[in-house]
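Right, one structure below, let's go through it.
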Amino acid sequence: MRRRPLAASLAVLVAALLTGCVALPTSGPVGVGHPDPVEESLELDTFVRSPQPGDSPEDIVQGFIDAAASPRGNYAAAQQYLTEEFQDEWRPDARATIDVRADRVFEAPKTLSDDATETQVQVATTPVAALTDVGQYEQPESTAEAKLPYRLVTVDGEWRIAEAPQGLLVDELTFGEVYRSYELYFYSLDYRYLVPDLRWFARTDAVQTNVVRALLGGPGDWLAAGVATAFPEGTALEQSSVPIANGTASVDLSGAQFDDTRTLQRMQAQLDESLVGQVRNVDSVALSIDGAAQDPPPLADPPIQNPAVDPRPVVYDGETFGYLAASNDEVQPIEGVSEQVAALAPTGAAVGAGGTSVAVRSEIGVSIVRSGDDPVTLDPRAGSSLIVPAIDPQGVVWSVPTAAPGELVAYPPEGDPIPMAVPWIGSTISSLEVSRDGTRIIALLGDGTRARFVAASIERDADGVPIGLGKVALALTSVSGAPRDVAWLDANRVAALVEMPGGDTRVLVQEIGGVPDDEAGPADGRMLDAGNGERSLRVLTAEGALEVPSGVTWQERASGFSFVSVQMPG
């Protein structure tokens with residue numbers, strides 16, 4: 001986790017540019033490669049260093065890495081550093097490793113031939129993130145140093161690269177200056193919600209083409225099990241690009257075989273949400289199928305985007321369970337459930353949609369309280385061994401023991417408990433929460449001395465009952481410290497609370513698939529909750545104080561609480 005002052009970042013950038021050592025990529029995404037000519041950016045120019053006569057092997061490798069950050073002219077600058085044979089083999093679109101430039105170490109060349117015409121240079125680097133071949137940002141599985149080998153040979157007396165790792169090596173400063181995120185939109189499996197899938201592309205005049213290609217390619221592997229797309233399999237761009245004229249992006253598709261207007265409407269909605277307001281100069285999207293213009297009417301029942309929860313925190317003060325009043329001196333009971341919850345002597349709870357159901361942890365395990373009904377025990381495993389349960393928009397309760405992250409069980413409103421195979425590993429789990437659209441789940445795991453934050457998708461049947469989690473988890477961030485709690489801030493932003501040695505805490509905030517950020521949390525923070533957005537974060541301390549952000553620090557809003565509860569949208 002690094003937070004660098006802007007002035008320092010700009011100083012490093014300017015110094016690098018003046019020496020001609022850094023290249024700013026200005027077109028094309030990392031990872032999304034295609035044979036069409038790459039359009040040049042109007043936002044940034046590119047400064048690259050060509051190979052110079054007498055360059056050492058280290059000079060050539062350094063120059064290649066810098067030049068490879070710019071896809072201009074199909075990576076023409078970087079190609080100059082390669083042998084003719086390797087130019088055909090190198091795949092810059094394979095993926096990208098993001099690192100800290102100052103931490104790179106170029107090891108001394110190692111001669112590989114008796115006549116000294118072949119040598120190897122290894123670059124030692126510590127990855128801080130990676131981009132997949134579809135522009136998905138990922139945290140590394142390991143913080144261990146990686147060594148990248150580059151084999152060089154002499155060509156007409158000058159060193160050239162004959163073999164190198166596929167993909168790109170981009171320092172985080174260059175990445176932050178050039179690439180930006182775009183939310184591609186898919187649907188929940190019941191088409192009730194729009195679900196964002198964050199991708200990263202270079203800020204160029206061609207970005208709309210890259211966004212559409214990625215959208216047609218479908219959701220990321222980690223998300224695929226939990227979402228749907230309206231685009232039929234085999235749908236592709238008919239033309240080589242998506243032109244923009246007078247604020248309208250023209251998307252001409254082929255291979256879209258369907259026979260209902262609703263599918264067309266949903267395709268249009270996905271394109272609108274993924275392009276309009278995100279890509280510069282795009283105010284509308286004109287959709288064509290095999291050259292025939294389409295003009296579908298808007299959906300009569302448009303999907304919900306970014307569902308909101310009640311902004312009032314739900315707390316328990318040892319006697320009353322309910323909403324904290326705006327005056328901060330009263331807990332207002334939730335009609336039909338508060339008395340039953342309090343009667344269980346709860347140690348944690350999660351509030352379902354509309355406040356009509358509550359999943360409760362107590363000494364007897366995990367129970368469900370429904371409005372007007374007596375509590376029903378769901379998970380009889382000892383309450384002291386279970387984390388606070390989660391509840392999703394469909395009323396499914398999720399429960400798992402702290403010391404057994406793999407023993408997750410889902411309890412639907414009707415039917416038998418469903419054991420869930422999980423795509424994560426860890427020695428402990430401190431918290432998990434389901435997204436407000438029910439498509440994803442986040443978990444905060446303990447692994448030795450580190451806290452690991454991950455996300456996974458939820459696959460459901462036609463009735464909304466979960467039948468499994470996605471096979472792949474998306475690693476969000478990993479930091480030293482003791483894991484405490486997690487919360488959703490909105491449709492795609494999440495937060496985690498981690499305790500550092502000595503009792504200080506950090507609040508980690510990031511978009512799923514985005515760059516993490518962190519800030520100091522309240523001392524002795526234990527539980528994390530949020531309303532709608534980052535400024536609605538709330539941390540409950542070990543002393544029972546509910547603290548909220550106030551400028552650059554935290555301020556006590558009220559005190560005397562045993563726990564604070566997560567809520568689902570009404």
Backbone N or O of [Y] within a donor-acceptor pair of the [X] side chain at under 3.5 Å?
X: R440; Y: I512; result: no
X: T83; Y: F86; result: yes
X: T505; Y: P522; result: yes
X: S188; Y: T439; result: no
X: S550; Y: W554; result: no
X: T477; Y: F453; result: no
X: E172; Y: V100; result: no
X: W424; Y: G406; result: no
X: D252; Y: G291; result: yes
X: S274; Y: L271; result: no

Counting only heavy atoms from other residues, nucleotides and ligands, does the tally under 6.0 Å from [atom1] of [X] exceed 12?
X: D295; atom1: CG; result: no
X: Q52; atom1: CD; result: yes
X: D114; atom1: CG; result: no
X: L112; atom1: CG; result: yes
X: D59; atom1: CG; result: yes

For the residue pair [X] and [Y], establish whether any side-chain heavy-atom pair is separated by less than 4.5 Å.
X: Q120; Y: L152; result: no
X: L469; Y: E459; result: no
X: Y187; Y: D437; result: no
X: R493; Y: W488; result: no
X: E511; Y: S181; result: yes
X: T111; Y: E118; result: no
X: I429; Y: R452; result: no
X: P423; Y: V472; result: no

Rounded to the nearest 0.5 Å, what's the gap from [atom1] on [X] to [atom2] on [Y]? Could you check?
X: T132; Y: D221; atom1: OG1; atom2: CG; value: 8.0 Å
X: Y150; Y: I65; atom1: OH; atom2: CD1; value: 4.0 Å
X: Q270; Y: L216; atom1: CD; atom2: CG; value: 9.0 Å
X: R101; Y: L173; atom1: CZ; atom2: CG; value: 9.0 Å
X: D290; Y: S254; atom1: CG; atom2: OG; value: 6.0 Å
X: E183; Y: D197; atom1: CD; atom2: CG; value: 9.5 Å

Exercise for the section: Under the side-chain contact (heavy atoms from CB on, under 4.5 Å) rule, what do V105 and Q122 come out as? Steps first, then yes or no, please. Expected result: CA-CA 8 Å; V105 176; Q122 285 201 129; over 6 Å; no

Exercise for the section: Show the numbers, then the answer: is there a ring-ring contact (aromatic ring centres under 6.0 Å, His included) between W159 and Y81? Expected result: CA-CA 8 Å; W159 290 107; Y81 289 86; over 10 Å; no

Exercise for the section: Would you check if the distance from the ring center of F231 to the ring center of F258 is below 6.0 Å? Expected result: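 No.
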
Residue pair [X] / [Y]: nearest heavy atoms and the distance that separates them:
X: G167; Y: A94; result: N-CB, 3.8 Å
X: F64; Y: A78; result: CD1-O, 3.6 Å
X: L148; Y: P165; result: CB-CG, 3.9 Å
X: A130; Y: R95; result: CB-NH2, 3.4 Å
X: G513; Y: L198; result: O-CD2, 3.4 Å
X: L497; Y: L444; result: O-CD2, 3.6 Å

Just by distance, with hydrogens left out, do [X] and [Y] show a side-chain donor and acceptor under 3.5 Å apart?
X: R484; Y: S430; value: no
X: E138; Y: Q136; value: yes
X: T125; Y: E145; value: no
X: S427; Y: D447; value: no
X: S284; Y: T248; value: yes

Exercise for the section: Apply the test ring-ring contact (aromatic ring centres under 6.0 Å, His included) to residues W200 and Y137: give CA-CA distance (whole Å), side-chain angles for both, the deciding distance (0.1 Å), then the verdict. Expected result: CA-CA 7 Å; W200 292 82; Y137 185 97; 5.7 Å; yes

Handout entry: Test side-chain contact (heavy atoms from CB on, under 4.5 Å) applied to Q278 and V211, step by step
Key = CA-CA 10 Å; Q278 294 202 78; V211 168; over 6 Å; no

Practice task
Let me see the working for I289 and M267 under side-chain contact (heavy atoms from CB on, under 4.5 Å), right down to the final yes or no.
Solution key: CA-CA 11 Å; I289 306 292; M267 291 164 60; 4.0 Å; yes

Exercise for the section: Check the pair R199, V134 against side-chain contact (heavy atoms from CB on, under 4.5 Å), reporting the backbone distance first and the verdict last. Expected result: CA-CA 8 Å; R199 307 291 180 88; V134 293; 3.6 Å; yes

Handout entry: Ring-face cation contact, Y182 with R180, 6.0 Å cut, 45° max
Key =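 Geometry flag: set, cation within 6.0 Å and 45°.
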
Handout entry: Residues E107 and K147 bridged, charged N to O under 4.0 Å
Key =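 A salt bridge links E107 with K147.
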
